[in-house]
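First up is the structure itself, then whatever we jot down about it.
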Amino acid sequence: MRAFEATRRYFHTAAEHLDLSPQTREAMLMASREIRVQVSIERDDGSLATFVGFRVQHDNSRGPMKGGLRYHPEVNLDETRSLASLMTWKTAVVNLPYGGAKGGIGVDPRSLSTRELERLTRVFVDQIHDIVGPDTDIPAPDMGTDHRVMAWFRNQWEKYHGFNPAVITGKPVEEYGAKGREEATGRGVGTLTVKLTKRLGMKPEATSIAIQGFGNVGSHAAKFLSEAQFPVIAISDITGTYYRKEGLDIAAALHHKLQHPYGLLEGFKECDVLPTDALLTLPNVDILIPAALGGVITEKNAKKISAKAIIEAANGPVDPDADKILHDHGVTILPDILANAGGVTVSYFEWVQNRQHYRWTLDRVRQELDRTLSEAFEHVWQNAHEQDISLRTAAYMIGITRVRRATELAGLT
């Protein structure tokens, strides 16, 4: 299923409960602006390479648009459109004064040298600098990008518009970034996993966890949950699934990741190595955390999943057909628009600090993150149980209601 079609289906399920008219639904789903640009750079060997970049700005009724910048071979307009829409509902669910946007370039960043990656970023900024800014659209890191890319982006944008570090978040701390931003999404996933398992009556030491993807989000989630006494029995990346029934040594896995090219787990020992796709359907898993690409859980593999709960650390990892199968089997799913909102929450804190020219401590960032996510979780949980609906539908209903209310108060409808 195409990414935006999945998002539309989840939206329409919530819209049915809210009794929204077809016209209102279409207006809320349609992006405000979609940009497609050519990004051409000179390779280190002197040859020319051309890529396609996108920026989709979905909605700004609740504030400036916010969304990541993704470098991945599968980036396309449909996926970017879907992710921009998800950002609108995500920022509304956690009640941040933002709208939604998303961007990316269809490229494998591992195929580029550091110098080529910098050129790519700067050329992309040249193409879109006039439609982003601290009061309009604020990019952030996503798959395939990091604090270095954010620093290059900021530097190139400021050549056109002057000093204003609030144009982008996820920057290095030395470049006006926020402490705790790199860990934020994974830490948020861990925090919400703890809260969900408490609601489900599950004890940490007796609750096994499997995490698909051991990049920035998956690794920080694994670290947080391991320190909270959850046995993380499986992790995976493109090199395979690393499994140990009694629980993996996550500290050793993190050390291995730091010592190897591209942060891959290949060669990690003291565990069984299985095919990459084996992680999703492992037996004896209580909590499954997909933290890689979207669309990995479909109707083809949903019935094979043994987990009691799924935490969507990735964007759109469960398609609607699979979602129904899992719901019918009693699997609790914490949706992406809440589960992975830790990143955009701390991005908001970074933006606030940049606007105030005042830096917060790491403790304050973590405390505010926990408070924000806790309030959002309790609101979603309460609505879901009061109305006897899934957590996903409850989260969408809250996000849609807040966006609709802001639009109406502005007199735009």
Side-chain angles (χ1 to χ4, degrees), residues 66-69 90-91 93-98 134 138-143 145-155 164-196 198 204 209 211 213-230 232 250-255 257-258 263 289 291 311 313 338-378:
K66 190 83 181 74
L69 180 62
K90 184 183 301 183
T91 55
V93 167
V94 292
N95 210 15
L96 301 179
Y98 282 144
I138 307 135
D142 201 283
M143 187 178 296
T145 60
D146 57 16
H147 60 280
R148 295 178 309 160
V149 175
M150 301 303 105
W152 297 331
F153 191 108
R154 174 202 161 200
N155 179 269
N164 199 330
V167 64
I168 198 165
T169 59
K171 304 179 295 292
V173 173
E174 299 86 351
E175 288 284 320
Y176 298 90
K179 295 178 180 178
R181 174 60 185 87
E182 186 174 342
E183 70 175 25
T185 306
R187 184 179 181 85
V189 168
T191 298
L192 291 170
T193 300
V194 171
K195 294 186 181 301
L196 182 64
K198 284 183 179 179
I209 291 179
I211 302 176
F214 206 64
N216 178 268
V217 178
S219 61
H220 279 102
K223 179 177 184 293
F224 183 96
L225 291 166
S226 178
E227 291 173 352
Q229 305 305 309
F230 287 85
V232 179
I250 295 301
L254 291 168
H255 179 75
K257 175 182 170 68
L258 289 172
I289 304 179
I311 314 294
L338 174 57
N340 65 33
V344 70
T345 300
V346 176
S347 275
Y348 169 65
F349 299 158
E350 180 178 337
W351 180 75
V352 168
Q353 293 172 72
N354 291 161
R355 303 306 294 262
Q356 295 177 338
H357 301 283
Y358 181 79
R359 178 167 290 171
W360 296 4
T361 63
L362 178 59
D363 283 344
R364 182 179 178 186
V365 170
R366 287 176 171 176
Q367 288 170 5
E368 292 290 335
L369 173 63
D370 184 69
R371 179 190 61 79
T372 302
L373 294 182
S374 295
E375 289 179 358
F377 176 83
E378 294 302 331

**Message:** To check you understand the geometry: which heavy-atom pair defines the closest contact between G342 and A184, and what is its length?
**Reply:** O-CB, 3.5 Å
**Asked** Where is the tightest heavy-atom contact between I168 and P139, given as atom of each residue plus distance?
**Response** CG1-O, 3.2 Å
**Complete:** In short, E175 meets K171 closest at the heavy-atom pair O-CE, 3.2 Å
**Request:** List the atom of V94, the atom of A376, and the distance in Å for their closest heavy-atom pair.
**Result:** CG1-CB, 3.9 Å
**Request:** Dump the intermediate steps for side chain to side chain contact (heavy atoms under 4.5 Å, CB included) on Y98 and I138, then the final yes or no.
**Result:** CA-CA 9 Å; Y98 282 144; I138 307 135; 3.8 Å; yes
**Request:** Taking the side chain as every heavy atom from C-beta outward, state whether R148 and P172 have any pair of such atoms under 4.5 Å apart.
**Result:** no
**Message:** When you compare the side chain of V149 with that of W152, does any pair of heavy atoms fall below 4.5 Å?
**Reply:** yes
**Asked** Do T372 and Y348 have side-chain heavy atoms sitting under 4.5 Å apart?
**Response** no
**Request:** Look at the rings of F349 and W360 and say which category their plane angle falls in: under 30° parallel, 30 to 60° tilted, over 60° perpendicular.
**Result:** tilted
**Item:** Residue pair E182 / P141, side-chain heavy-atom distance below 4.5 Å
**Value:** no
**Asked** Does any non-hydrogen side-chain atom of I289 lie less than 4.5 Å from one of L225?
**Response** yes
**Complete:** Paired with T345, the side chain to side chain contact (heavy atoms under 4.5 Å, CB included) test is passed by just one of D370, L369, V365, T185, namely L369
**Item:** Heavy-atom side-chain proximity of K90 to N340 below 4.5 angstrom
**Value:** yes
**Asked** Salt bridge check: are K195 and E378 linked by an N-O gap of less than 4.0 Å?
**Response** no
**Fill in**
From the list M150, K66, Q353, side chain to side chain contact (heavy atoms under 4.5 Å, CB included) partner of T169 resolves to K66
**Asked** Would you say the side chain of R366 lies within less than 4.5 Å of the side chain of E183, judging by non-hydrogen atoms?
**Response** yes
**Message:** So does N216 get a backbone contact from the side chain of H220, meaning a donor-acceptor N/O pair under 3.5 Å?
**Reply:** yes
**Prompt:** Under a 4.5 Å cut-off applied to non-hydrogen side-chain atoms, are L254 and S219 in contact?
**Reply:** yes
**Fill in**
Note: A228 and P204 closest approach over all heavy atoms is O-CB, 3.6 Å
